J.: 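So that we are looking at the same thing, I have put the structure below in structure tokens.
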Amino acid sequence: MDNKQELFPVVDEDGNILGSVSRGEAHSGSKILHPVVHLHLFNSRGELYLQQRPDWKDIQPSRWDTATGGHIDLGENVDAALRREVREELGIVDFTPESLGHYVFESQRERELVFVHRATYDGPVTPNPDELAGGRFWTRQEIISNIGKCIFTPNFEQEYQRFFGNVK
């Protein structure tokens with residue numbers, strides 16, 4: 001289960017740290033802006049690796065999502081958080097991320113400042129069973145044909161369309 005007492009930084013829309021908030025409060029509907037990192041992991045064939053979120057997650061359980069997504073810890077920078085999350089979730093340490101920028105995502109329960117990255121990687125991917133329910137590479141057509149069917153997280157669907165082309 002997620003630790004509701006874990007502390008996240010509170011940030012403004014430029015990423016400046018304003019304070020801290022617990023995971024429980026950040027995900028309670030408070031809409032306190034907190035930072036996260038995402039990695040879109042492609043292979044050289046252009047397929048995109050997606051993780052399946054475990055059913056115990058407090059946000060979007062069991063849905064398919066970006067290869068890696070995680071909160072930036074209090075006192076951690078974006079690059080360190082990205083590398084930690086990719087290592088913890090997928091077992092990957094040797095990759096070259098490309099920043100695609102950042103944006104604010106808002107749902108009914110939370111508001112996040114999302115720092116988005118992409119990388120191309122053809123090595124082994126080992127989903128951590130303590131973090132993920134699994135994962136696999138998807139073709140563009142598989143993704144497009146499943147958008148809007150409650151298979152993916154809404155955040156992934158919006159982000160995919162924003163950064164990798166309109167699919168509607």
Side-chain angles (χ1 to χ4, degrees), residues 1-13 15 17-41 48-92 97 99-118 125-136 138 142-143 146-164 167:
M1 217 148 99
D2 287 324
N3 176 2
K4 294 193 182 303
Q5 301 309 310
E6 181 181 6
L7 290 180
F8 301 152
V10 173
V11 296
D12 63 19
E13 292 188 8
I17 298 172
L18 307 174
S20 65
V21 64
S22 70
R23 174 190 288 270
E25 179 69 14
H27 292 176
S28 70
S30 67
K31 306 287 182 103
I32 296 172
L33 188 63
H34 57 286
V36 299
V37 291
H38 285 181
L39 177 68
H40 293 274
L41 188 68
L48 181 60
Y49 189 90
L50 299 179
Q51 64 158 276
Q52 186 172 28
R53 296 173 62 78
D55 59 7
W56 53 261
K57 291 301 272 181
D58 62 345
I59 301 286
Q60 300 293 327
S62 302
R63 297 252 183 122
W64 290 88
D65 204 356
T66 54
T68 297
H71 292 89
I72 296 175
D73 290 339
L74 193 60
E76 188 175 44
N77 67 34
V78 172
D79 186 63
L82 180 68
R83 291 185 180 283
R84 174 183 52 77
E85 288 289 344
V86 172
R87 183 183 71 252
E88 288 175 359
E89 293 184 355
L90 304 177
I92 297 171
S99 174
L100 300 178
H102 64 274
Y103 69 96
V104 174
F105 174 77
E106 187 169 337
S107 71
Q108 291 180 347
R109 291 185 58 188
E110 67 178 335
R111 219 170 138 238
E112 296 177 327
L113 183 62
V114 184
F115 291 89
V116 183
H117 301 82
R118 69 165 286 150
V125 180
T126 310
N128 180 344
D130 293 333
E131 296 265 342
L132 311 176
R136 71 175 181 90
W138 295 63
E142 284 179 304
I143 292 169
N146 284 291
I147 284 184
K149 295 183 178 176
C150 296
I151 291 171
F152 305 124
T153 64
N155 184 253
F156 167 74
E157 289 186 357
Q158 290 175 21
E159 200 166 286
Y160 185 81
Q161 292 179 70
R162 174 184 219 159
F163 291 101
F164 305 111
V167 297

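Excluded from the calculations below are hydrogen atoms, water molecules and symmetry mates; all remaining heavy atoms, backbone and side chain alike, are included. Computed from a prediction, not measured in an experiment: that's the story for all the values here.
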J.: For the residue pair I72 and A81, what are the closest heavy atoms and their distance?
T.: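 It is CG1-CB, 3.7 Å.
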
J.: Do V78 and H117 come close enough that some side-chain heavy atom pair is under 4.5 Å?
T.: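 SC-SC contact between V78 and H117 confirmed.
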
J.: For F152, does its backbone N or O pair with a side-chain atom of R63 as donor and acceptor, under 3.5 Å?
T.: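 It does hold such a pair.
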
J.: Nearest 0.5 Å, what's the CG-CD1 distance between N155 and I59?
T.: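 If I round to the nearest 0.5 Å, the distance is 10.5 Å.
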
J.: Please report the interatomic distance CG(L74) to CD1(I17), rounded to the nearest 0.5 Å.
T.: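 So the CG of L74 and the CD1 of I17 are separated by 7.0 Å.
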
J.: Distance-only, no hydrogens or angles: does the Q51 side chain make a donor-acceptor pair with backbone N or O of A67 under 3.5 Å?
T.: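 A pair under 3.5 Å: yes.
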
J.: Would you call H34 and E112 a side-chain contact if the rule is heavy atoms closer than 4.5 Å?
T.: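 In contact.
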
J.: Once rounded to the nearest 0.5 Å, what's the spacing between atom CZ of R53 and atom CZ of F156?
T.: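 So the CZ of R53 and the CZ of F156 are separated by 13.0 Å.
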
J.: Do V86 and V37 have side chains that get closer than 4.5 Å, going by heavy atoms?
T.: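 Answer no - side chains too far apart.
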
J.: Looking only at non-hydrogen atoms, find the nearest pair between L82 and H38 and report the distance.
T.: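 Result for this residue pair: CD1-O, 4.1 Å.
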
J.: Of the non-hydrogen atoms in N146 and E142, which two are nearest, and what is the gap between them?
T.: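 For N146 versus E142, the nearest heavy atoms are ND2-O, 2.8 Å.
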
J.: Any side-chain to backbone donor/acceptor pair from R84 onto G70? Under 3.5 Å, distance only.
T.: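 Checking the backbone N and O of G70 against the side chain of R84, no donor-acceptor pair under 3.5 Å is found.
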
J.: When rounded to the nearest 0.5 angstrom, what is the spacing between OG1 in T66 and CD in E159?
T.: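 Result: 6.0 Å between the selected atoms.
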
J.: What do the steps show when you test D12 against L18 for side-chain contact (heavy atoms from CB on, under 4.5 Å), and what is the final call?
T.: CA-CA 7 Å; D12 63 19; L18 307 174; 4.0 Å; yes

J.: How close do D55 and S62 get, counting heavy atoms only, and between which atoms?
T.: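 Looking at all heavy atoms of both residues, the closest pair is CB-OG, 3.4 Å.
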
J.: Between N128 (side chain) and E88 (backbone), is there a donor-acceptor pair under 3.5 Å?
T.: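 Flag set: sc N128 to bb E88 pair under 3.5 Å.
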
J.: Is the closest side-chain heavy-atom distance between V104 and L33 below 4.5 Å?
T.: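 A side-chain contact under 4.5 Å exists here.
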
J.: Measure the CZ-CG distance between R83 and L39 for me, rounded to the nearest 0.5 Å.
T.: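 Output value for this atom pair is 10.0 Å.
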
J.: Examine H40 together with F164 and report whether their ring centres are nearer than 6.0 Å.
T.: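 Yes, the ring of H40 comes within the 6.0 Å limit of the ring of F164, centre to centre.
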
J.: Output the distance between atom OG (S20) and atom CD (E25), rounded to the nearest 0.5 Å.
T.: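 Those atoms lie 11.0 Å apart.
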
J.: Between the main-chain N or O of S107 and the side-chain N or O of K31, is there a donor-acceptor pair closer than 3.5 Å?
T.: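 It does hold such a pair.
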
J.: With a 4.0 Å cut-off, would you call R111 and E13 a salt bridge?
T.: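 Result for this pair is yes, salt bridge flagged.
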
J.: Indicate the atoms forming the closest heavy-atom contact of P127 with V125, along with that distance.
T.: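 Closest approach of P127 to V125: CD-O, 3.5 Å.
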
J.: List the atom of W64, the atom of G135, and the distance in Å for their closest heavy-atom pair.
T.: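 That would be CZ3-CA, 3.7 Å.
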
J.: Are a donor atom and an acceptor atom from the side chains of H71 and E6 found within less than 3.5 Å of each other?
T.: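 No.
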
